[in-house]
Amino acid sequence: MDGAEPARRGGLDSVRLWFSPARVQDEGSTPDYRFSLANERTFLAWIRTALALIGGGFAVDQFLTDHLTHWVRVALALVLLAGGVACTLRAVNQWVRCERAMRRGEDLPVSRFPAVLAVLVAVTAVAMVCVVLFGWAG
């Protein structure tokens with residue numbers, strides 16, 4: 001390679017950066033440490049959100065056994081668990097993307113993920129409200 005880093009990496013290269021953050025430091029110049037720390041706090045907020053979704057998924061599966069039909073309970077639990085998994089993976093990916101952009105002096109990357117997650121949680125909450133209101137018992 002001629003020393004110029006391509007503007008976009010492939011998916012596998014991006015995943016490799018998750019486990020090798022020192023490689024991110026090789027790009028561009030070091031940003032103000034406050035921005036890096038803010039990026040890390042955002043990462044931790046996404047991880048807390050993921051843990052809450054995962055905990056909610058397990059709670060639905062374990063504690064609503066007498067009040068829901070099996071398929072409703074499993075569907076609600078799986079939606080929450082899938083949201084938690086997606087949040088976890090997105091957290092580390094967004095952390096790397098933002099850190100690289102700051103080091104390169106580029107605009108921070110935008111994402112539709114917060115909107116998708118909000119819709120996912122809202123639809124799940126509406127489904128749970130319907131379960132409570134209509135008492136779909138098994």
Who pairs with [X] by salt bridge (Lys or Arg N to Asp or Glu O under 4.0 Å), at least two apart in sequence or on another chain?
X	value
Asp107	none
Arg48	none
Arg34	Asp32

Distance (rounded to the nearest 0.5 Å) between [X] [atom1] and [Y] [atom2]:
X	Y	atom1	atom2	value
Arg103	Glu99	CZ	CD	5.5 Å
Asp61	His70	CG	NE2	8.0 Å
Met102	Glu106	CE	CD	11.5 Å

Query raised in the report: Does any non-hydrogen side-chain atom of Val96 lie less than 4.5 Å from one of Trp18?
Result: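 Contact flag for Trp18/Val96 side chains = yes.
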Query raised in the report: Does Arg100 reach the side chain of Leu17, with side-chain heavy atoms less than 4.5 Å apart?
Result: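 Contact flag for Arg100/Leu17 side chains = yes.
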Side-chain donor-acceptor pairs under 3.5 Å in residues 113-122, sequence neighbours left out?
none

Report task. Could you list who else is in Val126's hydrophobic cluster, with ILVMFWY side chains joined at under 4.5 Å, directly or through other members? Result ->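 For Val126, no cluster forms, as it stays isolated from other hydrophobic side chains.
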Side-chain atoms of residues 76-93: list all donor-acceptor pairs with protein atoms under 3.5 Å, sequence neighbours left out, distances to 0.1 Å.
unit_1 : atom_1 : unit_2 : atom_2 : d
Thr88  : OG1    : Gly84  : O      : 2.9
Arg90  : NE     : Ser111 : OG     : 3.4
Arg90  : NH2    : Gln94  : OE1    : 3.0
Arg90  : NH2    : Ser111 : OG     : 2.7

**Report entry** Trp71 reachable from Val60 in the ILVMFWY side-chain graph, under 4.5 Å edges
**Finding:**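 Yes; tracing contacts between hydrophobic side chains, which count when under 4.5 Å, links both residues.
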